*Asks:* 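Dropping a structure here in structure tokens format, bear with me for questions.
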Amino acid sequence: MFTDIEKELVNALKEQLPHTYVLTADDLADIEESLQPTPAVHVIYNGYRVVGDRPDKKAAQVAMTWLTVVAVKNVRDRRGGSDARQDAVALTEKIAGKLLGHHVAGSVGPLALTNAPAPAGNNGFLYVPLAWSVETVLQRTD
């Protein structure tokens with residue numbers, strides 16, 4: 001189920017953003033920051049919390065959190081970062097426009113925007129995370 005959600009998010013973003021790299025944590029594992037492709041969106045699983053379970057404990061409803069992290073590089077205004085922020089905002093708005101309310105196969109409801117970590121920057125790179133919550137049911141299979 002986890003990999004199915006990841007694949008669906010990646011496919012939805014690739015459809016919406018044909019000129020942007022869409023990368024998973026596996027894609028990024030061996031890439032040095034200075035060599036990473038940009039502009040990009042990183043799709044990263046960020047854990048879950050249990051929101052309900054059945055009395056027999058054979059099923060649990062969980063809210064998974066997925067991050068879509070916009071990664072841009074723009075060194076024109078390296079000190080102030082305004083050019084990188086402008087690039088990131090444009091990409092962030094496209095992602096929100098595609099994923100807000102998007103229904104992921106196998107989920108209990110649509111994607112919902114949730115609290116995200118703060119943006120971060122380094123050496124001309126800017127990372128702006130959007131956090132998404134999606135609820136699904138995990139069940140015992142016997």
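Note that these values count all heavy atoms, side chains included, but never hydrogens, waters or copies made by symmetry. These figures come from a predicted structure and were not determined experimentally.
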*Asks:* CG of Asp4 to OG of Ser107: how many Å apart, nearest 0.5 Å?
*Replies:* 11.5 Å

*Asks:* Would you compute the distance between atom CZ of Arg49 and atom CD of Gln61 and round it to the nearest 0.5 angstrom?
*Replies:* 10.0 Å

*Asks:* For Asp30, is the CG atom crowded, meaning more than 12 foreign heavy atoms sit under 6.0 Å from it?
*Replies:*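 Check fails, neighbour count at 12 or below.
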
*Asks:* Indicate the atoms forming the closest heavy-atom contact of Glu8 with His103, along with that distance.
*Replies:*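 For Glu8 and His103, the tightest heavy-atom pair comes out as OE2-O, 3.3 Å.
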
*Asks:* Would a 4.5 Å heavy-atom cut-off, applied to side chains only, mark Trp132 and His102 as touching?
*Replies:* no

*Asks:* So, do Pro119 and Val70 sit near enough that their side-chain heavy atoms are less than 4.5 Å apart?
*Replies:* no

*Asks:* Would you mind reporting whether Pro117 and Leu67 have side-chain heavy atoms less than 4.5 Å apart?
*Replies:* yes

*Asks:* For the residue pair Pro129 and Ala116, what are the closest heavy atoms and their distance?
*Replies:* O-CB, 3.6 Å

*Asks:* Atom NZ of residue position Lys98 - does it have more than 12 heavy atoms of other residues, nucleotides or ligands inside 6.0 Å?
*Replies:* yes

*Asks:* Side chains of Tyr45 and Glu6: does their closest heavy-atom pair fall under 4.5 Å?
*Replies:*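 Contact flag for Tyr45/Glu6 side chains = no.
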
*Asks:* Find the distance between NZ (Lys58) and CG (Asp142) and round it off to the nearest 0.5 Å.
*Replies:* 6.0 Å

*Asks:* If you measure from CD1 on Ile44 to CG on Leu23, what distance do you get to the nearest 0.5 Å?
*Replies:* 9.5 Å

*Asks:* Kindly work out whether a path of hydrophobic side-chain contacts (I/L/V/M/F/W/Y, heavy atoms less than 4.5 Å apart) joins Ile5 to Leu100.
*Replies:*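 As far as the 4.5 Å side-chain criterion goes, Leu100 and Ile5 are connected within one cluster.
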
*Asks:* Identify the heavy atoms of Thr24 and Asp27 that sit nearest to each other, and give their distance.
*Replies:*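 Result for this residue pair: N-OD2, 2.8 Å.
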
*Asks:* Looking only at non-hydrogen atoms, find the nearest pair between Thr136 and Gly106 and report the distance.
*Replies:*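 Smallest interatomic distance, heavy atoms only, reads OG1-O, 3.0 Å.
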
*Asks:* Quick check: is Leu138 connected to Val50 through a chain of hydrophobic side chains (ILVMFWY, heavy atoms under 4.5 Å apart)?
*Replies:* yes

*Asks:* Are Leu99 and Leu13 side-chain neighbours, meaning at least one heavy-atom pair lies under 4.5 Å?
*Replies:*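 Answer yes - side chains close enough.
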
*Asks:* Is Phe125 reachable from Val69 through a run of hydrophobic residues whose side-chain heavy atoms are each under 4.5 Å from the next?
*Replies:* yes

*Asks:* Do you know which of Leu111, Val51, Val62, Val104 makes side-chain contact (heavy atoms from CB on, under 4.5 Å) with Glu135?
*Replies:*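 Answer after filtering Leu111, Val51, Val62, Val104: Val51.
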
*Asks:* Would a hydrophobic clustering, with Ile, Leu, Val, Met, Phe, Trp and Tyr connected at side-chain separations under 4.5 Å, put Val41 with Leu113?
*Replies:* yes

*Asks:* Any link between Val134 and Tyr48 through a network of hydrophobic side chains (Ile, Leu, Val, Met, Phe, Trp, Tyr) touching at under 4.5 Å?
*Replies:*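 Result: yes, single cluster for both.
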
*Asks:* Please report the shortest heavy-atom distance between Pro37 and Ile31, naming the atom on each side.
*Replies:*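 Looking at all heavy atoms of both residues, the closest pair is CD-CD1, 4.4 Å.
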
*Asks:* Please check this pair: side chain of Thr38 against backbone of Ala40, looking for a donor-acceptor N/O pair closer than 3.5 Å.
*Replies:*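 Judged by distance alone, no pair lies under 3.5 Å.
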
*Asks:* Compare every heavy atom of Thr20 with every heavy atom of Pro39, then report the nearest pair and how far apart it is.
*Replies:*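 The answer is O-CG2, 3.4 Å.
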
*Asks:* Short question: side chain of Thr92, backbone of Leu130 - any donor-acceptor pair under 3.5 Å?
*Replies:*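 Judged by distance alone, no pair lies under 3.5 Å.
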
*Asks:* Please round to the nearest 0.5 Å and tell me the distance separating atom OH of Tyr21 and atom NZ of Lys14.
*Replies:*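 Tyr21 OH to Lys14 NZ: 12.0 Å, rounded to 0.5 Å.
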
*Asks:* Please examine the side chains of Ile95 and Leu17, heavy atoms only from C-beta on, and report whether any two atoms are closer than 4.5 Å.
*Replies:* yes

